[in-house]
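Everything on this sheet refers to the single structure shown next.
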Amino acid sequence: MCIRTVMTYACPVFAHAAPKALHRLQAIQNKFCRAATDAHWCVRNSILHRDLELPTLSKYMKVTSKRFFDIAGSHPNALLRAAVDYQPPPPTHFIRRPRNVLIDPPDALTAAVDSLNDVNDTHD
């Protein structure tokens, strides 16, 4: 938990970073999960995340960003409300804004963990 707080500091701003940077952070989290559970090398990362009930880094950042933007939108400070309320750029625009992370599709690991959780929910 100490590492996650450092990795996700200001994640509403950094959640739209380059996919390669986010992939590197996810790899660090995967290594710590594997070391904490003493899992064998052949155990898939999606299985580790499912068993630990730990969301992937991209999903955690997306949930945290959504919560931040929801809270900031109803904040009493008018400057903060104004910073949250903006028109997103067209999809062909190359500049990424922090709120764009909410509409991004999930990465492959997040999709695999979600599908495993869905299968477990149907069997319970």
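The figures here come from the full heavy-atom set of this structure, side chains too, leaving out hydrogens, waters and symmetry mates. This chain uses plain numbering: 1 for the first residue, then up along the sequence.
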Query raised in the report: How long is the gap from SG on C33 to CG on L52, to the nearest 0.5 Å?
Result: 5.5 Å
Report summary line: With T56 as partner, the option from K62, Q29, Q26, M61 fulfilling side chain to side chain contact (heavy atoms under 4.5 Å, CB included) is Q26
Query raised in the report: Does any pair with a residue in residues 37-47 pass side chain to side chain donor-acceptor pair (under 3.5 Å), and if so which ones, sequence neighbours excluded?
Result: R34-N45
Requested in this report: Would you check, one step at a time, whether the test side chain to side chain contact (heavy atoms under 4.5 Å, CB included) holds for K59 with D114?
Outcome: CA-CA 10 Å; K59 184 169 185 165; D114 288 343; 2.8 Å; yes
Query raised in the report: What's in the same ILVMFWY side-chain cluster as I47, cut-off under 4.5 Å, chained through other members?
Result: V43, L48, L116
Query raised in the report: Stepwise, does the side chain to side chain contact (heavy atoms under 4.5 Å, CB included) test hold for V63 with K66?
Result: CA-CA 5 Å; V63 168; K66 180 170 177 14; 5.8 Å; no
Requested in this report: With rounding to the nearest 0.5 Å, note down the distance linking NE2 in H23 to CG in L109.
Outcome: 9.5 Å
